[in-house]
2 protein chains.
Amino acid sequence: MRDVVIAGIGMTPVGEHWEISLRSLAYRAIRAARQDAGGLQPQALYVGNFLAIDSSRQANLACLIADNAGLGGIEAMTVEAADASGAAAFHVGYLAVASGLVDVVLVVGVEKYTDALGPEQESAVAQAMDYDYEVMQGLTLAAQAALVMQRYLYEYRPPREAFAAFPMLAHANAVTNPYAMYRRAVSREAYERAEMIADPLRLFDMAPYADGAAAVVLTTPERARDVTHPLVAVRGSIGAIDTLALHDRPDPLAFEAAYHSVQRACEMAGIRPGEVDLFELDDAFSIYAVLSLEAAGFAERGQGWRLAEQDALGLRGRLPILTMGGSKARGNPLGATGVYQIVEAALQLRGEAGANQVPNARRALVQNLAGPASSAFTHVLERYSG
Amino acid sequence: MRDVVIAGIGMTPVGEHWEISLRSLAYRAIRAARQDAGGLQPQALYVGNFLAIDSSRQANLACLIADNAGLGGIEAMTVEAADASGAAAFHVGYLAVASGLVDVVLVVGVEKYTDALGPEQESAVAQAMDYDYEVMQGLTLAAQAALVMQRYLYEYRPPREAFAAFPMLAHANAVTNPYAMYRRAVSREAYERAEMIADPLRLFDMAPYADGAAAVVLTTPERARDVTHPLVAVRGSIGAIDTLALHDRPDPLAFEAAYHSVQRACEMAGIRPGEVDLFELDDAFSIYAVLSLEAAGFAERGQGWRLAEQDALGLRGRLPILTMGGSKARGNPLGATGVYQIVEAALQLRGEAGANQVPNARRALVQNLAGPASSAFTHVLERYSG
């Protein structure tokens with residue numbers, strides 16, 4: 001496989017983009033990424049998106065976005081794995097360059113959710129679950145996360161308040177992220193006062209769904225030699241699945257897809273999971289952040305919540321997570337989230353994360369989940385040094 | 001890039017599958033393809049699908065299908081490019097093996113359309129067009145094809161009846177295809193008597209949307225050495241886009257995406273387009289078959305329809321097309337069609353096409369279109385000879 005580097009990154013603020021169409025939202029991220037990548041001309045576009053068919057009645061979105069970005073004639077397709085679509089699209093972009101098919105690829109994750117879906121919002125995102133066996137029974141993603149959280153509390157008996165540390169960390173980091181949806185800190189009191197969504201899951205245990213677009217330009221180190229900022233190498237890139245339905249798992253607290261994809265991505269990169277400077281995990285729900293830490297091997301089963309107590313997860317801790325605010329505070333633009341995570345990790349590895357900079361960040365683990373880790377796509381990114 | 005071969009193929013009959021769920025339909029094709037491929041264990045699954053979100057309220061379909069097929073832990077994702085989704089998914093499968101990411105890949109194209117969509121059928125497939133600028137004005141895919149056909153009649157003045165040759169050929173070939181939806185010949189009289197759908201497009205100018213699933217196992221020649229039937233090599237694999245909206249094209253009769261993808265696929269394969277023994281083109285509408293022949297360079301602009309008159313396109317002609325019945329008579333299972341085309345071409349190249357066998361078929365060009373060639377994915381397949 002050829003070496004692949006990230007030569008350009010771009011993103012829009014995450015939020016409610018009522019005033020801008022799906023194609024224009026994608027274009028803003030593409031324009032920023034292409035400017036960042038200098039004169040590299042993309043030969044293919046891979047779009048990560050989850051809900052355009054519901055929100056915008058639009059299929060073949062990749063064709064529309066490429067056409068609208070003035071990229072006529074190139075190869076384009078949409079890649080979907082529910083809320084892991086962004087990382088899945090990045091993975092296909094990686095394969096296109098690594099294989100030698102093309103030299104320059106554009107990946108964009110885009111989602112229009114807030115204004116477009118109206119009362120259909122909950123049932124639209126529920127499609128990430130098994131329709132016949134879960135959704136038909138009335139299960140929602142939040143209710144499912146609450147079941148998992150309840151089971152965790154029962155099995156391992158952590159204090160209920162232990163989960164507060166994750167949204168508090170995310171919000172603290174988002175204060176200085178200009179692209180974040182909620183740039184304000186959240187106190188433990190606010191967390192505990194917040195309304196119950198599905199017992200034991202409270203408002204701040206759930207990342208808010210939002211609109212946004214993020215893009216990256218991928219190429220070979222040779223083709224990127226005129227790029228003036230640091231490059232970020234993609235050292236590992238792989239996905240794995242678990243059962244789609246939660247009830248089919250022998251152990252609902254073992255995020256097996258997350259485990260397998262971390263193991264394989266690190267194997268590709270020739271490292272152990274511990275040999276990274278930050279971990280951009282998927283905090284769609286606070287309980288999923290805890291289970292992701294455990295699945296990646298950073299804590300024993302049932303002990304992931306203690307990492308927050310030990311101050312390990314802050315920007316200057318031994319394993320920074322959610323460094324730009326995570327899905328909780330940056331916002332969760334679903335099919336775009338995986339690309340946001342990669343753009344944020346790239347900022348860290350380029351040393352351009354400003355007030356959010358993790359000191360001496362050289363290598364990052366980045367993971368995007370669909371639902372309760374039904375799919376997990378994991379990437380190992382590294383500052384490129386020739 | 002590593003050499004990639006098709007080691008196994010499988011498909012279900014095309015038709016109205018009211019009695020079987022989306023996941024089970026996919027499973028039938030997967031089981032057949034895996035049996036055909038011997039003991040090869042897939043490490044990744046790429047699903048081509050267009051309408052599961054509409055028809056089955058199911059996202060992350062690839063996870064569901066892999067899980068249901070007993071393939072827990074593997075990488076899986078869905079690939080979408082409207083009615084070119086099947087070929088797009090095959091292309092990603094090709095990249096996964098060619099790049100060296102994994103050695104054995106499963107690709108499945110699957111669509112449930114007839115029973116699941118009810119009155120929403122027309123608006124669901126219309127999502128292949130630009131929603132904001134085409135669908136909102138009331139355009140449907142059939143009306144769009146009629147506009148293109150009308151323009152062709154105006155520009156080049158072929159006899160209106162010239163188009164009859166394409167559905168007649170498709171139906172004649174489908175008679176001996178046990179997987180075809182309509183296994184009966186159609187006479188010129190029946191064609192001319194058929195009801196008008198959108199002037200000048202009559203019933204038999206349009207392929208019927210249907211349900212079905214087709215699957216292939218891709219691997220390296222080394223890993224396929226114990227397979228007892230002939231192997232089929234993938235020599236070229238690439239996609240290209242045109243504008244999504246028809247009205248944005250300077251020349252609506254130039255299928256530029258089809259042209260570009262044929263040129264690039266043949267360049268990868270080191271051949272000229274003329275150096276193939278058959279051309280599995282996309283006959284979603286009879287006019288699109290004509291324009292595909294012209295875009296690939298098999299006829300001058302405005303002259304594609306003459307190839308049928310010259311008897312060039314039959315099983316013993318110099319450029320056989322629609323050899324198993326095409327979308328017109330095999331049926332058009334939308335997101336699965338591209339994989340059906342590849343399975344059918346593989347049967348030809350393996351010499352297993354029975355009564356439909358093209359004599360001495362060694363190399364095939366296979367092309368799948370989204371809408372009016374908004375996207376085109378083209379493959380060059382060749383009987384593998386070590």
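Note on naming: letters A, B, ... go to the chains in the order of the sequence lines (proteins, then strands), and numbering restarts at 1 for each one.
Looking at A/A62, neither its backbone nor its side chain comes within 4.5 Å of chain B, counting heavy atoms on both sides. Heavy atoms closer than 4.5 Å to chain B are found nowhere in A/S85, neither backbone nor side chain. No part of B/L22 comes within reach of chain A, as not one of its non-hydrogen atoms sits under 4.5 angstrom from that chain. Interface residue B/A76: backbone and side-chain heavy atoms are both found under 4.5 Å from chain A. If you measure heavy-atom distances from A/A88 to chain B, the contacts under 4.5 Å come from both the backbone and the side chain.
Not a single donor-acceptor pair under 3.5 Å links the side chain of A/E80 to the backbone N or O of B/V79. At least one donor-acceptor pair closer than 3.5 Å links the side chain of A/Q58 to the backbone N or O of B/Y131. Side-chain atoms of B/D67 come within 3.5 Å of backbone N or O of A/L244 as a donor-acceptor pair.
Proximity to chain A at a heavy-atom threshold of 4.5 Å picks out B/S99, B/G100, B/L101 from residues 99-106 of chain B, in numerical order. Interface residues of residues 368-375 of chain B toward chain A, defined by a heavy-atom distance below 4.5 Å and sorted by number: B/A370, B/S374, B/S375.
Under the 4.5 Å side-chain criterion, counting only non-hydrogen atoms from C-beta, A/V92 is in contact with B/M77. Counting heavy atoms from C-beta outward, B/I238 and A/E75 have side chains that approach closer than 4.5 Å.
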Task: Step-by-step salt bridge (Lys or Arg N to Asp or Glu O under 4.0 Å) determination, A/R23 to B/D130 - done: CA-CA 11 Å; A/R23 71 188 76 186; B/D130 187 319; 2.7 Å; yes
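B/I53 contributes atom CD1, which lies 6.5 Å from atom CG of A/L51 (distance to the nearest 0.5 angstrom). Taking CD1 of A/I241 as the start and CG of B/L45 as the end, the distance is 8.0 Å to the nearest 0.5 Å. Between atom CG of residue B/L64 and atom CG of residue A/D132 there is a gap of 7.5 Å, rounded to the nearest 0.5 Å.
Salt bridge A/R57/B/D54: present, at least one basic N to carboxylate O contact under 4.0 Å.
Taking A/A82, A/A124, A/A59, A/S123 one by one and counting their heavy-atom pairs under 4.5 Å with chain B, the maximum is reached by A/A59. Across B/E256, B/R264, B/H260, the residue that shares the most heavy-atom pairs under 4.5 angstrom with chain A is B/R264.
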